[in-house]
Amino acid sequence: MNENTDNIIISCRNLDKRVDTAEGPLDILSGVTLDIKAGESIAVVGVSGSGKSTLLGLLAGLDTPSAGEVRLAGETLTALDEDGRARLRARHVGFVFQSFQLLPGLTALENVMLPLELEGRAEAGVLARELLARVGLESRLGHYPRQLSGGEQQRVAIARAFATRPAVLFADEPTGNLDAATGARVIDLLFELNRERAATLVLVTHDEMLASRCARRVHLDAGRLVSRGA
Amino acid sequence: MKGARGKLRLALRLLAREARAGELRVLVAALVIAVGAVTAVALLTDRVSRGVGQQSAELLGADLVVTAEAPHPAQWRAAARERGLAIGELVEFASVVVMGERLQLASVRAVDATYPLRGAVKTAPAPYAPDAITRGVPAPGSVWVDTRMLQELRAAIGDRVEIGNASFTIERVLTYEPGRGGNFFGAAPSVLMHAQDLAATGVLQPGSRATYAFAVAGGELAVAAFRAWVAPQAASSRRIMDTRSGNPSIARAIERVDRFIGLTSLLAVLLAGVAVAMGARRYSARHYDVSAMLRCLGATQRDILLLYGTQLLVIGVTASAVGCIVGWVGQEILQLLLRDLLPVRLPTPGMAPLALGFATGLLTLAGFALAPILRLRAVSPLRVLRRELTPLPASAWLVASAALGAMLLLMWRYTDSPRLILGVLGGALAAGIVLAGVGFGLLAAGRRLIARAGATWRFGLSNLWRRPRASLAQVLAFGFTFMAMALMVLVRGDLLASWQRQLPADAPNHFAFNILPADVARVEQFFADHRIEAQALYPMVRGRLTTINGTAVTQAVTKEEESNEALHRELNLTWAAQLPPDNRIVAGAWWDAAKAAGVSVEERLAKRLGIQAGDRLGFTIGGASISVPVASLRKVQWDSFHPNFYMIFTPGALDGMPATYLTSFHLTADQKPLLAQLVRAFPATSVLETDQVITQVRTILAHVTAAVEFVLLFVLAAGFAVLYAALVASLDERRQESALLRALGARRGQLIGAQLAEFVVLGLLAGVLAAAGAEIIAWALYSRVFDIEYAFKWRVWLAAPTISAALLAVAGHLGARRIAQQSPLGVLRDAQ
């Protein structure tokens, strides 16, 4: 990555997301403007339904806004089509989800190899093994997701997220499906890896404790950004 | 993703991983079953129809016979030999056989040592003595003659007779000759002689009327190739006879078996479609998450398309290959198991059915799975955050037309009978549409009804209403499967019954003709006295059709029909006040009371000669000419072994013409000696024994019946396999929900009860669909394709819903019990 830490890696301007419902249009996000520096860790907090996950989806290019503009790694996401955004994700973005999102038909190792294989990397197996060892699952390589505990599944997901050395890691309630102790260990791991790899971390959570571990916090309330944080 | 080769490798790697994890099991199993079923049916039907073909070749005496009025060009032999065919030549002519003072016109056949190429001649040492298969042909200088010949000449075995300039010893009594099918009565008695003696008789001079038959036998392809080569040189298409055109009874039976087999193949294709559709639905639904994740990780839509396209192709090729093997092994095993029941040894199967089976796999997969799987590329990556984001299902029109297209293409390849295809596809479609309408109506009505039902029922049934699309898909899958099975059972039953009717145990097996008018009453008395079952006695006048609407017949008909035998020989004319019981009027009307003179013409002859009701036909009878209007056209059952006529006149129309009478009757084996008595009592009367031919026909019908049963068994087996696949898929869909209910505290009994209720209703609806479909298709096919009378099948309306509800109830119950035994957590985690 060329950007130094002062560079803005993600920025959005006047972001709106409106959906049509049976009761008329519903504003999920309105007028969100936010800059995130490379290497920064930022928590997006808010109660359930405040629009956190929607914002994450828009910043990561998984969805398109009703109005406004998103830039990611120097490219305007809103100007790209879905395939263009997919290529951008492949190059710069990693994800960790609340529900792990491991593919049930693939083993732990194969799940981690997948993004590397999508890039066509020959050493996918070696890299994936290293990463799984890094998250403490070297003895679980051949296990299928259903044979792993929730904490183990999330560790596999973290290994997968870092496999392609993404500039930005998006985490959506990464501990939401885990008990407190397991969640804490998973988060430790997430922050460690993030530090090691100097990635930008965008974390969505309703857990204030978790949010406090990030360098910056922004608060969403009913689709509006109410504090930009420190 | 980098490079097309890298992508292909990734696709294969992912596929291998999923296969190892068991993700592909249902789709692959469905495909293997589908391909296995169609391959087995195709292989079997190929073997059975070739086996039956062999049988009827034995009746014809060859695989193909080409006749002409002059000796065949020498290059025919060369052409046949080049193709590796066995060749036989035969000359048939009418000649007077002389013994002392007595003369008798005979139909003489001069055969070479190869006769018959197929089947066998039967002879007896004395008239009415038990006969046996006889190898070889009469030695030069001797002849074999039939009982009638002996009777007419008052001759015995060992007597000498003259034919032309040569003299012969009567060596044996001819009881059965392959190739002497067709028109029995009225034909002269038979004589069989060696071809070497032909020249010595000096009977055949340039210009003599004789039929030269060129017969070949050999491999199917070689025969077909020879046929194609020789056809343009034959005088007319009816001069080429094969296993289908020999004997009308056999031809019709074989034609119907062919169509039954066609129907079977179509239903097997339909079953295959159901199985693959179920498998593909599940496959694509289970890959929504995978696609979303891949998109999230940066795969483009093209990547997804390439990925699943490759996977689909690999699955299709592999599963189809395995299916072909399964089909081959399946039909081999069944054939071995039923070896004793099948009276005929089946020829070894050909390769074409295997290729067809393989193509069926790929095409059904493309038809049913391509559209849903193409949708996978449209999965939004946002689904990783919001699971409910299922892509819009592939347009129903797109899926339906792709599936329908694949079906049509396959069905076309399996049977080129548009009527059959239209009947099956149209019927299934109509039933599906009716049921979709009725089904939603029932669902709505049921909703109100179950409001009053118990909680368990209410819960189980509300599952059905909640997912109307999925429920409908399941009803269609089960319904079409049951429909295919029900239809097979129905058609089989009605076909067999019609064969039974065609040749009942007491079918007439003898004809008596040349009965003098003065003897009619006494002959009837003779039958009554000896308790012989006989048909009515019909008067018979020999006459020629000479004009149609005043134009000479040879000019009135098309070029192709100029050589029609009906124009060149005397026809058997009769009169009757009543329509013969197995005839049916198709145009015009039968006469109530004889008013004006008129004639009723057999439908097919009328069509060939372009005769319509109201036309005027001229006949020459003896020296006299008459002209009568055509009152009606009749459909005649030529295979009934009853006396049948091309022309039936109004009573009185043929008054004053020289008439004799004829009838047919049934003799049991122990009544056979009565034949000699009959002949002695009425010396002018001729008797024709058709019992040999009837036995032959009956044997073939028995084989054909066994074949039909055999094929039916296989389709039923395939049906059950498809049912099983569909059940596994639909139980699977309910697993997670059931586990959730368990987790929420549903008792075992409630869970099982709810699922039972759901499956019973599913089964009832599927059964109604099956009955409606079977009824519609039967209605569409019976008279048009199978030539069977259609009657409302009320039983199927009872049986199909009952059986299908019961079967699905058992399956649902077992499935629910299995889930109830597992820990809900395990199931939920599995489903995650």
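Convention: sequence-line order gives letters A, B, ...; per-chain numbering from 1. Just so you know, these numbers use all the heavy atoms, side chains as well, and skip hydrogens, waters and symmetry mates.
- B:Arg9 does not touch chain A: none of its heavy atoms, backbone or side chain, sits under 4.5 Å away.
- For B:Arg302 against A:Asp83, the heavy-atom pair with the smallest separation is N-OD2, 4.4 Å.
- Taking a 6.0 Å sphere around CZ of A:Arg129, one finds it holds 12 or fewer heavy atoms contributed by other residues, nucleotides or ligands.
- B:Arg17 contributes atom CZ, which lies 9.0 Å from atom CG of A:Asn111 (distance to the nearest 0.5 angstrom).
- Counting heavy atoms from C-beta outward, A:Arg87 and B:Thr300 have side chains that approach closer than 4.5 Å.
- A pairwise comparison of heavy atoms in A:Ala86 and B:Ala299 identifies CB-O, 3.6 Å as the closest pair.
- Heavy atoms from other residues, nucleotides or ligands lying under 6.0 Å from CZ of A:Arg18 number 12 at most.
- If you take CG on B:Leu294 and CD on A:Glu117, they are separated by 10.5 Å, rounding to the nearest 0.5 Å.
- For the pair A:Ala90 and B:Gly298, the tightest heavy-atom approach, listed with the atom from each and the gap, is CB-CA, 3.7 Å.
- A:Leu118 CG to B:Leu307 CG: the interatomic distance, rounded to the nearest 0.5 Å, is 8.0 Å.
- Within a 6.0 Å sphere centred on CZ of A:Arg224, other residues, nucleotides and ligands contribute 12 heavy atoms or fewer.
- For the atom pair CE of B:Met293 and CG of A:Leu114, the computed distance is 8.0 Å after rounding to the nearest 0.5 Å.
- The local environment of NE2 in A:His206 is sparse, with at most 12 non-hydrogen atoms from other residues, nucleotides or ligands closer than 6.0 Å.
- Of the two parts of A:Arg85, neither the backbone nor the side chain holds a non-hydrogen atom closer than 4.5 Å to a non-hydrogen atom of chain B.
- Closest non-hydrogen pair, A:Leu103 versus B:Asp289, comes out as CD2-O, 4.3 Å.
- Between B:Arg295 and A:Arg89, the closest heavy-atom pair is O-NH2, 2.7 Å.
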